Participant: 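Once you've had a glance at the structure underneath, I'll fire off some questions.
Each chain gets a letter, A, B and so on, in the order the sequences are listed, and its residues count up from 1. Predicted model, so just to flag it, every value in this text is computed and none were measured.
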2 protein chains.
Amino acid sequence: MTTRRATITDVAALAGVSVATASKALNGRDDVRATTRQLVLDAAAQLSFQPNLLAQGLLSGQTRTVGLLTSDMVGRFGIPVLLGAENAFGAGEMAVLLCDARGDAIREQHYLRTLLSRRVDGLIVVGESTNPRPSITKDVPVPVVYAYAPSADPADVSFVPDDGGGARLAVRHLIATGRTRIAHITGPTTYKAAADRAEGVQETLEEAGLAQAGETFYGAWSQRWGRLAADMLLLNDPGIDAVFCGNDQIAAGFIEAARERGRRVPDDIAVVGYDNWEVLSEETRPTLTTIDPDLERLGHTAAQHLFAAIDGKATPGVHSMPTRLVIRDSTAPGIPDTPWQVSRGGSPP
Amino acid sequence: MTTRRATITDVAALAGVSVATASKALNGRDDVRATTRQLVLDAAAQLSFQPNLLAQGLLSGQTRTVGLLTSDMVGRFGIPVLLGAENAFGAGEMAVLLCDARGDAIREQHYLRTLLSRRVDGLIVVGESTNPRPSITKDVPVPVVYAYAPSADPADVSFVPDDGGGARLAVRHLIATGRTRIAHITGPTTYKAAADRAEGVQETLEEAGLAQAGETFYGAWSQRWGRLAADMLLLNDPGIDAVFCGNDQIAAGFIEAARERGRRVPDDIAVVGYDNWEVLSEETRPTLTTIDPDLERLGHTAAQHLFAAIDGKATPGVHSMPTRLVIRDSTAPGIPDTPWQVSRGGSPP
DNA sequence: CTACGTTACGAAAACCTTTTAGGTTATTTC
DNA sequence: GAAATAACCTAAAAGGTTTTCGTAACGTAG
């Protein structure tokens, strides 16, 4: 356990060759005789030799390591992005240095310095909301990719979920199922995601020649607000037959309150959520049709583009990542597969 | 952006001293004149010099990096542990290499190799359930600490939540509030956590001279099972006045079903959950009294012990980490602060 | 037998930093 | 005025790997 680890010098000595030859044999270079190579390989196996990546990195200037700088890992949205990214990196030979700045700019600076000290090959910055965040690209001698929260500098490489598109998907689905009086309840106005989705709702309704039922109801991202909004909405505007909620919590609250007020979901009112947070969307009654922002894929794509950027092939700009409509019972009770169906019951196992 | 990074040689040249002197000046060694030191420091600042940690690590044999090997980051429990650990490391000068083996032993081996290749100073292995997992300690020349899932080898260092203690906390609380007919609904028998909690329930009831209401109801960790079990239980055994649920999802389902059957919570039946998963425990009606396993602290402690182990001060054995009772309205409606109260409304902001 | 090309291998430099062992001044002590 | 000390600084080695270049052996053609 505390035995010194074998170096290539040890391997070379055991094989009876020079370190240069050992290196070539181990790395598959071709000016080494087959028998010699086997000798070296056997020696390496016997000593369970593993090349010191520090030494390799020192020499090559490439550490095969990227820094993953997250602003708030506590939040729900950073995790899937991070997961997708880690996934993409792990598939190659890259390793991920994880740093959680916890929303603190000072801490972020600190982590940034240590990451650069460790000579990471690139950085991926994942934010906690889709609101733009300050760019760090110019302070840094390696490529940077922003995920979820875009950089404020449009010349940087950012990947964000297509909130407008998600809203369009939701509203089109409601229209396709025959709804015409559609309301929208969402989170705080300070969230760009809320504004983007509201805009998507507006546009889609106009395209269909429909008017939105009531103005957009901005509130909190909570179940409580969903219930409250339901009470207000059902009282003031009893004719609505569908509601698109800004997230699954609001939708869960809405469904609960609607049921208590004697409205049947989906028969009287169809409900669509957002986020596909399965602990909610699969446990409401009826289960919840919702928009899946596919954050894991977003993280994966961001990581792949970081690869590309490290290889000098950057793709600047803010890239909108498509979302998926997940149809469950809150809009389409027991209807078997239908043409307009995108996917049912969440992601495959 | 692509400009070569400054080395200590550049700094020394700019300051007009040798690299040795520059190194001493930068590292606060004391055989260097104050004026010379300032000269070096200015030069370093001007070039925004940052020491190459690879070179340092190569020399010292310490990389100030630990590997964080998680078996399944998708799950809910790994994340807080990971978070607490990252937190503890970030406070020092350690960095965390994140690897998600996704429950695959092959992948775990692969990651293990690359981590060792990178010469990490230690490893923390976080599992996804409290069931023991295979030990890797003997395959590895650095200290290893297990978090959440203990190592199957009792000589290793493991940190697990005290499930039995959590159950005791819950049942004592129910008894303290005057309940006497207490039932227990929990997850699958295959989970050690479920078994440990059930055992804790048994013991605590016996100590109090009470009998458990019905046997332990094993099922799934789902809201659905909570509803189903509620229906069964309230039908067969209408006299029960409290139920301790194996997790918050079961508890949420139970509360919902109980309400529909006309039982008031907590007046007729008190409910305690487990996990303090706030998206549920703060959104049920009434809000849910529950056990918080304090996983973040568990992760933090595990990380600190890894530090100690790296310094040669290991503390072998399986360490049970205490849980917290979080009292909300499902057991104590609107009662103001009372002596037996441990904490209210979850962790402070 | 000489000239030359090919093949297989080794010596040494390079990457960047820290540390050890000396070396050069200036200052003190007798 | 010589010797001892202190203060400051430098040269060189070490850490593990890859790469470049040099060299030796061998075979082939002239």
Participant: Scan residues 7-20 of chain A against DNA chain D and write down, sorted by residue number, each residue with any heavy atom closer than 4.0 Å; if none is found, say none.
Facilitator: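 A:Thr7, A:Ile8, A:Ala20 - these, ordered by number, are the residues of the stretch whose heavy atoms sit under 4.0 Å from the strand.
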Participant: C:dC9 phosphate, OP1 or OP2: any side-chain N/O from A:Thr21 under 4.0 angstrom?
Facilitator: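 No, outside the criterion.
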Participant: Establish, from distance only, whether the side-chain atoms of B:Ser151 and B:Asp156 form a donor-acceptor pair under 3.5 Å.
Facilitator: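 A pair is found: one side chain offers a donor N or O, the other an acceptor, under 3.5 Å apart.
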Participant: Step by step, work out the side-chain contact (heavy atoms from CB on, under 4.5 Å) result for A:Gln304 and A:His300.
Facilitator: CA-CA 6 Å; A:Gln304 288 180 321; A:His300 195 97; 3.5 Å; yes
Participant: Rounded to whole angstrom units, what separation is found between the CG atom of B:Asp31 and the C1' atom of C:dT24?
Facilitator: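 From B:Asp31 CG to C:dT24 C1': 15 Å.
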Participant: Could you tell me how far apart B:Asp30 (CG) and D:dA6 (C1') are, to the nearest whole angstrom?
Facilitator: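 To the nearest whole Å, that distance equals 13 Å.
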Participant: Name the residue closer to the 5' end of DNA chain D, choosing between B:Ala22 and B:Arg119 according to the nucleotide with the nearest heavy atom.
Facilitator: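 The answer here is B:Ala22.
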Participant: Take the protein atom CD of A:Gln38 and the nucleotide atom P of C:dC9, then report the distance between them rounded to whole Å.
Facilitator: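 About 13 Å, once rounded to whole Å.
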Participant: Could you tell me whether the side chain of B:Leu112 reaches within less than 4.5 Å of the side chain of B:Leu123, counting heavy atoms only?
Facilitator: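 The answer is yes; the side chains approach within 4.5 Å.
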Participant: Looking at B:Lys24 and D:dT10, is any side-chain donor or acceptor paired with a base atom of the opposite kind under 3.5 Å?
Facilitator: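 Donor-acceptor pair under 3.5 Å: yes.
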Participant: Between D:dT17 atom C1' and B:Leu54 atom CG, what is the distance in whole Å?
Facilitator: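 About 12 Å, once rounded to whole Å.
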Participant: Please report, rounded to the nearest Å, how far the C1' atom of D:dA13 is from the CG atom of B:Leu58.
Facilitator: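 Going from CG in B:Leu58 over to C1' in D:dA13 covers 13 Å.
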Participant: Verify the contact: side-chain N or O of A:Arg33 to OP1 or OP2 of C:dC9, cut-off strictly under 4.0 Å; return yes or no.
Facilitator: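 Indeed, a polar side-chain atom of A:Arg33 lies that close.
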Participant: Answer with base, sugar-phosphate or nothing: what part of the nucleic acid does B:Thr36 contact at a heavy-atom distance below 4.0 Å?
Facilitator: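 B:Thr36: backbone/sugar contact only, no base atoms under 4.0 Å.
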Participant: Counting neighbours of OH on A:Tyr191 that are heavy atoms of other residues, nucleotides or ligands and sit closer than 6.0 Å, is the number greater than 12?
Facilitator: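 Incorrect, the count does not exceed 12.
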Participant: Would you say the side-chain atoms of B:Thr130 pair up with the backbone N or O of B:Ala193, donor to acceptor, closer than 3.5 Å?
Facilitator: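 Looks like yes, one N/O pair under 3.5 Å.
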Participant: Measure CG/A:Leu59 against C1'/D:dT17 and give the value in whole Å, please.
Facilitator: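 For the pair A:Leu59 CG and D:dT17 C1', the rounded distance is 6 Å.
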Participant: Would you say A:Arg29 places a side-chain N or O within less than 4.0 Å of OP1 or OP2 belonging to D:dT19?
Facilitator: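 Looking at the OP1 and OP2 atoms of D:dT19, one of them is under 4.0 Å from a side-chain N or O of A:Arg29.
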Participant: Name the one of A:Val160, A:Val126, A:Thr137 that satisfies side-chain contact (heavy atoms from CB on, under 4.5 Å) with A:Tyr146?
Facilitator: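 Among A:Val160, A:Val126, A:Thr137, the one meeting side-chain contact (heavy atoms from CB on, under 4.5 Å) with A:Tyr146 is A:Thr137.
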Participant: At under 4.0 Å, does any side-chain N or O of B:Gln56 touch on OP1 or OP2 of C:dT18?
Facilitator: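 Indeed, a polar side-chain atom of B:Gln56 lies that close.
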Participant: Specify the separation, in whole Å, of atom CZ of A:Arg118 and atom C1' of C:dT17.
Facilitator: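 Result: 15 Å.
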Participant: Take atom CG of A:Asn52 and atom P of C:dC16, then tell me their distance rounded to the nearest Å.
Facilitator: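 Going from A:Asn52 (CG) to C:dC16 (P), I get 16 Å.
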Participant: B:Phe77 and B:Tyr148: aromatic ring centres closer than 6.0 Å?
Facilitator: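 Aromatic pair counts; centres sit under 6.0 Å.
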Participant: Looking at B:Asn27, does any N or O in its side chain come under 4.0 Å of the phosphate oxygens OP1/OP2 on C:dT18?
Facilitator: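 So the side chain of B:Asn27 is within the cut-off, an N or O lying under 4.0 Å from OP1 or OP2 of C:dT18.
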